[in-house]
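Keep in mind that the numbers below use all heavy atoms, side chains included, and drop hydrogens, waters and symmetry copies.
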Amino acid sequence: MKRFWLIGLLFALLAFAAVKAEDELDIDGTVDEDIGKSRDGSRTDDEVVQREEEAIQLDGLNAAQIKELREKSEKHVFQAEVNRMMKLIINSLYKNKEIFLRELISNASDALDKIRLLSLTNEDVLTSNEEMTIKIKSDKEKNMLHITDTGIGMTKEELVKNLGTIAKSGTSEFLNKMTEMQSDDQSTSELIGQFGVGFYSAFLVADKVIVTSKHNNDSQHIWESDSNDFSVIEDPRGNTLGRGTTITLVLKEEASDYLELETIKNLVKKYSQFINFPIYVWASKTETVEEPIEEDSEAAEEPEKDATEDDVEVEEEEDDKDKPKTKKVEKTVWDWELMNDIKPIWQRPAKEVEEDEYKAFYKTFSKDSDDPLTHIHFTAEGEVTFKSILFIPTSAPRGLFDEYGSKKNDYIKLFVRRVFITDDFNDMMPKYLNFVKGVVDSDDLPLNVSRETLQQHKLLKVIRKKLVRKTLDMIKKIAEEQYNEKFWKEFGTNIKLGVIEDHSNRTRLAKLLRFQSSNSDSALASLEQYVERMKEKQDKIYFMAGTSRKEAESSPFVERLLRKGYEVIYLTEPVDEYCIQALPEFDGKRFQNVAKEGVNFDEGDKAKEKREALEKEYEPLTTWLKDKALKDKIEKAVLSQRLTNSPCALVASQYGWSGNMERIMKAQAYQTGKDISTNYYASQKKTLEINPKHPLIKQMLKRVNDDAEDQTASDLAVVLFETATLRSGYQLADTKAYGDRIERMLRLSMNIPLDEQVEEEPEEEPEEPAEEEAEDKEEIVDEEEEEDTAKSKKDEL
């Protein structure tokens, strides 16, 4: 019995506590002023959720009115397919949340465009509100962001139709199309742009979206949604907008940064600074203003004036009494700040834009302090229509070739209907034109979701092709002096890379190439100028590659060419030889590397007979060099037509590596020595060309004819071969053996016996300081022993 009595008492106490809690519950609709920014917002109990919802306020409506509105509003549920689409947008298609503001501003601009077009035929549509602007205001206290436009607005039916069921945008078709494209493994990047559902990107950052809209043909209504369902009701405040739409975002906790003024300003300038209509942000600034000084404080602050003031000063003071006393005070002033005062000059005809306007526009969008070197302003029409302005900077951007090819090019900014889409492209311009800056604005590209993966769009390939052609035309039109002194100095390597990479524009790029040549010590030469200066029967363009001009022009390969007056192009940069190899010909003339086989001169019958006689005369020497002295080192030995002063030279085959190319290839950071193709080229035997008029060659022929086993002739042949290897730009396989041979020849020339050894150095004798140290140590030991002896004697006494 006692147990039942205790249990009953416990139930009674619990019931009493529950009744008391219910009595204390605030049901009058009022909320604490700071509940919206309270930490209690993170609680999950029903009471806190209810109070948090009530804390969401609109201007002119308190919490109780908001609650009443929600209870009376028409409730709608999103269709199942719309929910699928919403999840897709929020979770998949938009990777960068900040684009929500771009989308909403674009929608506002479209609404303004519609009312502007209507006003062209009916001026009365603007009577309710003649202003045509977009205004953005953040409210940190209520955690809200407001975007207001004075566009065409929406009726109640349009709010339900366009924002609720999206029947107008074809949600069903959207999802079916996406499913089809995904099953076919195609890009779905264009879809949202075609179906116009960018408005829902607001849910990337907002828990709730409230749309207040006023159309000329309807009263003002409020649409509200948390992305699960939505409601629509007539606005009890009446017509507060005049005409237009206000989108209010109740931001998520992690999106609070979008309430910061600097963040909003940066996003507007980044994406929407070229929108046709003015965009204002409610911002603060500090101004210095003058405020009247109260008489009591003025009297307290001013010291008593001297009674002996001059009459003139007294009169001046009497005149000043009529003017109010003021002081300067710094005040924080809030006002609408215009964000897009820069006009999209690419939308105007080129002939109407002044040169100073181009320079000012370039500095603004590129953040460059220098004027551009040149520019081009054009409209492209055809498969895709777009307007563009491209600029070439005066100096190359820092780190132009850092991460060449892997670094994204962010100098070309893509706009769609003046809305910035992206500059994050790999393929808008080819890699070698990564220094070109500019804007591209197209009305033919999708405006919405394709901003994330727009580079997959097929029209971009067409745009890229036209941009490259226009860029090359712009470069071609630069004055010759300015081109050589400024453009080529900064961007010459880019053009050479273009010849290697861009097969379709190789001919155009070849005309832009400039090189040093034997025609001038300082002036650069184009290939067109070289061809104009070619000799009458010259059918090849000669070039020589080296680490410097001095090395190239002192090479044995160019001796005969320069003596006969042929112009030789000097390739002094690592990329030069690659560039020329990529050019099969220019203007019908093939290129000839003078360090390779194939250099032949037009000669008469007498010269030909004389050469054939020399070849027969020197046949014993060439055969001896190939089969005995330099066996396994050369492919063959022949008489040279290109040498005049040098005794011999080592010539690569037509498809082998020159000395310069071998040096470049072996210097590659990734070179391991295990590459099959590299080893193949490096191990190819070369042709040894000898100069029959050189005394060393003549003497060698004489010795070989006298004694084919002559050791001196063999040594001379090997030394000449190794010397020719070095002079031809190749590396020696065994530098020690080469050094030993040179030493042997020097000993013979100076009559020093070959077996005489190097004089050995005598062994070093021990240094005296070490002996003195040892003696000192011995003296110390003796002194210690004497002290010990004396001490023991004292102990005995």
Counterpart residues, ring pair (Phe, Tyr, Trp, His ring centres under 6.0 Å), relative to F415 (two or more places apart): F274, W346, F420

Flag, side chain of E352 to backbone of P349, donor-acceptor distance under 3.5 Å: no

Non-hydrogen side-chain atoms of S388 and L390 separated by less than 4.5 Å: yes

Close side-chain approach of Y258 and L249, heavy atoms under 4.5 Å: no

Test item: T286 side-chain N/O and K331 main-chain N/O as donor-acceptor pair under 3.5 Å: no

Electrostatic pair K156:E234 at N-O distance under 4.0 angstrom: no

Check: D110 side chain, D113 main-chain N or O, donor-acceptor pair, under 3.5 Å: no

Nearest heavy atoms of G153 and T245, plus distance in Å: CA-OG1, 3.7 Å

Within 6.0 Å of CD in E123, more than 12 heavy atoms from elsewhere: no

Side chain to side chain contact (heavy atoms under 4.5 Å, CB included) between K465 and K461, worked out: CA-CA 6 Å; K465 185 177 180 181; K461 295 181 180 178; over 6 Å; no

Over 12 non-hydrogen atoms of neighbours within 6.0 angstrom of CD in E354: no

Whether K466 side chain and E381 backbone form a donor-acceptor pair below 3.5 Å: yes

K363, NZ: over 12 other non-hydrogen atoms inside 6.0 angstrom: yes

F391 and F365 aromatic ring geometry - parallel, tilted or perpendicular at 30°/60° bounds: tilted

Flag, side chain of S442 to backbone of T385, donor-acceptor distance under 3.5 Å: yes

Whether T263 side chain and D257 backbone form a donor-acceptor pair below 3.5 Å: yes

Exercise: do Y362 and H375 side chains pair donor with acceptor under 3.5 Å: no

Minimum heavy-atom distance L259-K140, with the two atoms named: O-CE, 3.7 Å

Any donor-acceptor N/O pair, T364 side chain to A360 backbone, under 3.5 Å: yes

Donor-acceptor contact below 3.5 Å, side chain S109 vs main chain S106: no

With N266 via side-chain hydrogen bond (donor to acceptor under 3.5 Å, both in side chains) - residues at least two apart: none

For V436 against Y411, the heavy-atom pair lying closest together: O-CB, 3.2 Å

Any R243 side-chain heavy atom under 4.5 Å of L126 side chain: yes

D235 CG to I222 CD1 distance, which is reported to the nearest 0.5 Å: 3.5 Å

Whether over 12 other heavy atoms sit under 6.0 Å from E357 CD: yes

All N/O donor-acceptor pairs, side-chain side in residues 333-340, below 3.5 Å, sequence neighbours left out:
{"unit_1": "E337", "atom_1": "OE1", "unit_2": "K265", "atom_2": "NZ", "d": "3.0"}
{"unit_1": "N340", "atom_1": "OD1", "unit_2": "I279", "atom_2": "N", "d": "2.9"}
{"unit_1": "N340", "atom_1": "ND2", "unit_2": "I275", "atom_2": "O", "d": "3.3"}
{"unit_1": "N340", "atom_1": "ND2", "unit_2": "F277", "atom_2": "O", "d": "2.8"}

pair D218-E158: side-chain heavy atoms closer than 4.5 Å: no

Main-chain N/O of L241 paired with Q220 side-chain donor or acceptor, under 3.5 Å: yes

More than 12 heavy atoms of other groups within 6.0 Å of Q347 CD: yes

Distance, nearest 0.5 Å, that separates OG1 of T155 from NZ of K214: 10.5 Å

Pairwise distance CD(E131) to CG(L112) - rounded to 0.5 angstrom: 9.5 Å

Stepwise side chain to side chain donor-acceptor pair (under 3.5 Å) test for S128 and N216: CA-CA 8 Å; S128 55; N216 285 336; 3.2 Å; yes

Where R418 and D441 come nearest, the two heavy atoms and their spacing: N-OD2, 3.1 Å

Minimum side-chain heavy-atom gap I210-T246 below 4.5 Å: no

From I147 atom CD1 to I136 atom CD1, the distance as rounded to the nearest 0.5 Å: 6.0 Å

Heavy-atom side-chain proximity of I105 to Y271 below 4.5 angstrom: no

Closest heavy-atom pair and its distance - R464, P430: NH2-CB, 3.5 Å

Value rounded to 0.5 Å, distance of CD1 in I463 from CD in E383: 10.0 Å

NZ on K137 to CG on L145, rounded to 0.5 Å: 11.5 Å

Closest approach of K252 to F203 (non-hydrogen atoms, all atoms of both residues): NZ-O, 3.2 Å

